Amino acid sequence: MVVPELRPWRVAGPHVARVAAAVRPRLARAATVARPRVTRLAQAAKPQLRRVTRPNTIKTWQYTAGAATAGLALAAGVVSAAGPWDATGQRTAEREWAAAQQRTGGADHGRTPRTNTGGPRPAPSAPTVLTGLGGATTAVQAGPKAPNLPGGKALAGVLGPLLKDPGLGARHTASVVDVATGRPLYGAGADQALIPASTTKIATAVAALSALGADHRFTTRAALEPDTRELVLVGGGDPTLTARPNAGGWAGLRALAADTAAALHKRGMRQVTLSYDTTLFTGPQVHPIGVNPNLAPVTALTADEGRTDGSSSGPAPRVADPAADATRKFADFLAQHGIKTTAPGPSKATGRAQTLATVSSPPLSALVERMLTNSDNDIAEVLARQTAVATGQRADFTGGGRAIEAQLKKLGLPLAGAAFHDGSGLDRADRLTAGLLTALLAKSGDPARPELRPVLTGLPVAGFTGTLSSRYADGAAGVVRAKTGTLTGVNTLAGTVVDQDGRLLAFAFLSSETTDPAAAQKALDKAATTLASCGCR
């Protein structure tokens with residue numbers, strides 16, 4: 001969802017003053033009436049998850065609807081405010097606009113309205129209820145045991161039996177870390193590398209944000225070669241470029257065509273030779289898994305991720321050549337503005353080419369959020385390549401993996417046993433440890449690393465957004481925020497919860513050799529819910 005920045009009211013003259021004077025008494029009366037309601041709502045929003053204090057009190061699935069509202073506020077509220085984020089983990093304009101419109105949603109991340117009426121509705125947007133973490137602590141360094149910090153023995157007593165669930169298969173590992181201090185609280189094979197599936201995207205997000213910065217944008221441009229009348233559509237590696245009539249805040253191919261046509265008309269040109277340039281990336285475009293509805297061929301120029309069914313997330317049929325498809329659509333849009341073109345073909349813009357028009361993506365922070373919320377493989381693979389471009393690696397699958405590993409090494413993260421062969425986690429040769437995943441999440445909460453905050457704010461919210469929208473309907477909806485991972489025989493979950501003592505905890509659960517995906521998901525969700533309800537000291 002793209003939200004306009006709010007502007008302060010301006011007094012237009014005496015008429016506005018008269019209206020304000022007339023309205024003021026009504027507003028005062030309304031506020032008097034509303035105060036008791038607000039008080040009751042605040043009381044109802046307190047967390048109601050049953051506290052777990054001993055191994056024999058693991059039944060934690062009952063809680064009131066108020067926990068959903070409180071859980072969203074807690075999960076976002078304890079994230080340190082920095083960069084473009086306020087103390088709720090949201091952009092200030094987005095929160096205030098949502099409240100002004102009296103919309104439901106909280107941290108909604110632009111998802112489409114729910115169609116599953118059986119699940120919980122989004123919680124109302126609300127102002128900050130908890131202060132963010134201060135700058136005095138560093139999220140990646142271990143320190144003395146903080147007050148109310150969960151104890152390792154207590155956590156082992158609570159989580160240990162849950163992680164022995166047969167649904168988690170023959171191999172499973174776990175890690176829990178306190179985000180404020182970086183202190184490891186629980187580990188079961190935490191340094192054992194397993195197939196991470198889509199939790200790999202957490203590593204991709206951290207690497208891309210650290211290499212490029214949260215405010216970086218990717219630009220698509222139309223360039224005219226002098227004296228040849230060749231118009232080149234130059235791909236800048238924007239995975240969110242769209243050809244839809246309503247761009248929805250993303251870079252629009254239609255807008256680029258309109259501006260390009262206007263520039264050509266000024267030059268008295270009505271016909272051009274059209275070509276496209278995808279040379280920003282190199283190497284094979286098709287992922288090692290082969291042609292697959294989960295991922296289009298990876299190229300520096302694509303529109304709507306090459307989808308042919310109008311969808312914006314999830315598996316979908318894809319075009320075989322996204323760059324050619326995007327350029328044909330660009331040609332159609334030029335024709336609507338009176339510009340004739342030849343059939344497009346591949347080319348490379350020279351250094352003499354004159355840029356006629358450009359469109360740029362939203363900031364990288366928004367792309368990371370969309371990637372994590374929807375587990376978007378197309379964005380993930382492009383961000384791996386963009387990280388390679390930014391760090392001087394070859395911009396292909398192998399180079400992207402090397403670039404991710406190099407960036408994480410610079411951040412001082414524990415990489416023993418890790419292996420990166422792509423950015424999405426679709427490659428079964430990828431390996432991550434539970435300890436690395438929790439370290440990545442803790443690093444993203446480090447007040448000294450504000451550019452990494454979208455890694456936390458982009459995590460799907462249980463029962464509400466993205467890949468968790470249909471999970472936790474009878475569990476900790478709104479309380480757990482986590483990235484899912486699913487391949488055949490592999491089920492993983494990594495994210496954050498706020499425990500009953502108000503501590504922000506990062507967790508990672510990895511399981512391999514599973515035989516029942518539904519049972520594995522249920523076991524993972526129950527472990528995360530139990531952690532959220534824990535007062536384990």
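The shown structure was predicted, so the numbers you read here are calculated from the model rather than taken from an experiment.
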Derivation and outcome, side chain to side chain donor-acceptor pair (under 3.5 Å), residues T242 and D304
CA-CA 5 Å; T242 179; D304 302 305; 2.6 Å; yes
Approximate separation, where rounding is to 0.5 Å, of [X] [atom1] and [Y] [atom2]:
X	Y	atom1	atom2	result
T204	E381	OG1	CD	7.5 Å
L524	N491	CG	CG	6.0 Å
R221	L356	CZ	CG	10.0 Å
L367	L372	CG	CG	11.0 Å
N292	R318	CG	CZ	8.5 Å
L415	L436	CG	CG	6.0 Å

Heavy-atom closest pair, residues [X] and [Y]:
X	Y	value
Y276	A324	OH-CB, 3.7 Å
A300	L280	CB-CB, 3.9 Å
V461	G478	CG1-CA, 3.8 Å
L437	A494	CD1-CB, 4.2 Å
T302	P322	OG1-CB, 3.5 Å
F330	A222	CZ-CB, 4.2 Å

Backbone N or O of [Y] within a donor-acceptor pair of the [X] side chain at under 3.5 Å?
X	Y	value
D430	P196	no
K443	L411	yes
T373	G458	yes

Taking side chain as C-beta onward, heavy atoms only, is [X] less than 4.5 Å from [Y]?
X	Y	value
S175	F507	no
R217	P363	yes
I339	L231	no
I202	L441	yes
R449	V206	no
V490	R428	yes
T358	D259	no
L459	L468	no

Side chains of [X] and [Y]: is there a donor and an acceptor less than 3.5 Å apart?
X	Y	value
N374	D376	no
S347	E230	yes
S198	S375	yes
H287	D422	yes
T173	Q192	no

For the residue pair R385 and F397, would you count it as a cation-pi contact if the rule is NZ or CZ under 6.0 angstrom from the ring centre and within 45 degrees of the ring axis?
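Yes, a cation-pi geometry holds between R385 and F397.
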So does D332 pair up with R328, basic N to acidic O under 4.0 Å?
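R328 and D332: not salt-bridged.
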Does a sphere of radius 6.0 Å around CZ in R402 hold more than 12 heavy atoms from other residues, nucleotides or ligands, not counting ones at 6.0 Å or beyond?
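No, not enclosed.
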